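Keep in mind that what you see is a predicted model, and the values were worked out from it rather than measured. Below, read A as the first sequence line, B as the second, and so on, with proteins coming before strands; counting in each chain starts at 1.
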Number of protein chains: 2
Amino acid sequence: MSDTFDPRLTDLAQEFREALRLGVYMFRRLDPEGDLTAAQLSLLSMISDGGLRVGDIAKNLGIKVPSATEQIIKLERVGLVTRQPDPDDSRAVQVAITQAGTAAVEYANQRRNAMVAELLQGLSKQEIEQLAAALPVISKINSSFQK
Amino acid sequence: MSDTFDPRLTDLAQEFREALRLGVYMFRRLDPEGDLTAAQLSLLSMISDGGLRVGDIAKNLGIKVPSATEQIIKLERVGLVTRQPDPDDSRAVQVAITQAGTAAVEYANQRRNAMVAELLQGLSKQEIEQLAAALPVISKINSSFQK
DNA sequence: CGCTCATATTTAGGTAGCCTAATAGTTAGG
DNA sequence: CCTAACTATTAGGCTACCTAAATATGAGCG
């Protein structure tokens with residue numbers, strides 16, 4: 001409701017936005033060639049604990065349904081997911097990960113984790129703790145952003 | 001050189017990557033309609049303290065020179081930056097922000113900061129401190145990633 | 001039952017923001 | 001000077017989003 005904030009909060013907001021920008025850049029660089037793209041990996045990770053409907057996938061990824069459909073169809077073509085009509089509601093489609101999909105996720109995560117772990121090695125013990133402490137906060141901010 | 005890391009570092013890497021993903025999502029949502037795009041704002045902010053050459057802008061943004069040129073030309077068309085040959089090196093082009101550009105940056109930052117500050121209001125004092133402490137760490141990680 | 005309205009997905013077409021490769025102009029070193 | 005290195009632009013392509021419209025199913029109600 002209020003349009004004004006504690007100035008320190010506004011300063012922090014500015015710094016946080018700058019960190020987000022750097023994060024976007026880093027996230028992009030983490031895409032190795034000839035592997036899953038970031039978008040594909042995110043989608044596959046999302047359904048690795050059980051199939052979901054297209055709409056749920058889109059909502060969880062924070063994208064629109066047609067964008068999710070597009071990714072899903074591509075993943076289906078290369079055999080990483082299956083699409084089946086939801087038995088309870090034939091309007092809906094259940095998207096499930098295949099064995100090949102699971103393997104691809106594991107491989108991609110390992111590769112990317114190794115890249116990031118290498119970067120984290122350059123940090124002091126204290127910096128690592130500071131980073132670790134902030135990750136749940138970022139997650140919380142995101143949740144409140146989802147509305 | 002080594003391909004294996006402290007497993008805790010790998011776990012942290014996984015969590016950090018997940019936070020980056022959320023950050024990408026948030027960053028995208030912060031783009032208000034009818035305003036500067038995130039890419040435009042980043043570029044303009046970069047030159048708001050003084051003109052830079054196209055190559056420097058690209059390097060600082062972590063993008064390739066042709067991508068920077070493209071953005072710069074668009075910004076020039078709407079009067080937010082000027083392009084002038086570098087007096088010391090006529091191969092190079094100095095890109096400078098205009099008054100309209102400065103105003104646009106200010107407006108865009110205020111809007112986005114207000115959006116983020118609103119989110120940050122939902123955090124506890126401790127969470128705010130944890131977030132603030134981690135931002136320089138993220139910046140450091142990014143620097144080491146630049147190579 | 002049959003209408004109508006809501007819901008779930010797909011299709012069609014468009015955009016932003018990256019990329020690589022090729023081109024043109026400028027500088028600098030042998 | 002002439003060749004190699006550098007700076008920027010042009011051309012063409014890709015990914016991952018988007019909105020609007022089409023299709024199909026489900027659900028409520030008179």
Hey, is the main chain of B/Ala38 close enough, under 3.5 Å, to the side chain of B/Asp31 for a donor-acceptor pair?
-> yes
Roughly, in whole Å, what's the span from CG in B/Asp88 to C1' in C/dA28?
-> 15 Å
Hey, are B/Tyr107 and B/Arg111 close enough side-chain-wise for a donor-acceptor pair under 3.5 Å?
-> yes
Answer yes or no: does atom NZ of B/Lys140 have more than 12 heavy-atom neighbours from other residues, nucleotides or ligands under 6.0 Å?
-> yes
Answer whether the closest heavy-atom distance between the side chains of B/Ile141 and A/Val116 falls below 4.5 Å.
-> no
Is there side-chain contact between B/Arg112 and B/Asp35, with heavy atoms separated by less than 4.5 Å?
-> yes
Whole angstrom value for the distance that separates C1' of C/dT10 from CZ of A/Arg77 = 13 Å
Please report, rounded to the nearest Å, how far the P atom of C/dC19 is from the NZ atom of B/Lys59.
-> 15 Å
Decide yes or no for B/Val24 and A/Val24: does some side-chain heavy atom of the first lie under 4.5 Å from some side-chain heavy atom of the second?
-> yes
Report each atom pair, protein N/O against N/O of nucleotides 18-20 of chain D, whose distance is under 3.5 angstrom.
unit_1	atom_1	unit_2	atom_2	d
D/dC18	OP2	A/Lys64	N	2.8
D/dC18	OP2	A/Ser67	OG	2.7

Under-3.5 Å N/O pairs linking protein and nucleotides 4-7 of chain C:
unit_1	atom_1	unit_2	atom_2	d
C/dT7	O4'	A/Arg91	NH1	3.2
C/dT7	O2	A/Arg91	NH1	3.0

Under the 3.5 angstrom rule, does the side chain of A/Thr102 hit a backbone N or O of A/Thr98 as a donor-acceptor pair?
-> yes
B/Leu43 CG to C/dC18 P: how many Å, rounded?
-> 9 Å
Judged by nearest nucleotide, the residue sitting upstream toward the 5' end of DNA chain D, B/Arg83 or A/Asp31, is B/Arg83
Closest-nucleotide ordering on DNA chain C, the 5'-leading residue of B/Pro87 and A/Ile73 | A/Ile73
Calculate the interatomic distance between B/Phe27 atom CZ and D/dC17 atom P; express it in whole Å.
-> 15 Å
Quickly work out the A/Gln71 CD to D/dC14 P distance and round it to whole Å.
-> 16 Å
The side chain of B/Lys74 lies closest to which of these nucleotides: C/dA16, D/dC17, C/dC18?
-> C/dA16
Side-chain donor/acceptor of B/Ser143 to backbone N/O of B/Ser139, under 3.5 Å | yes
Heavy atoms under 4.0 Å, any strand shown: does A/Ser90 hit a base, just sugar-phosphate, or nothing?
-> sugar-phosphate
Indicate yes or no: at least one non-hydrogen side-chain atom of A/Ile138 is less than 4.5 angstrom from one of A/Asn142.
-> no
Quick one: B/Leu61 CG to C/dG17 C1', roughly how many Å, whole number?
-> 12 Å
Atom-to-atom span, OH of B/Tyr25 to C1' of D/dA16 - whole angstrom | 15 Å
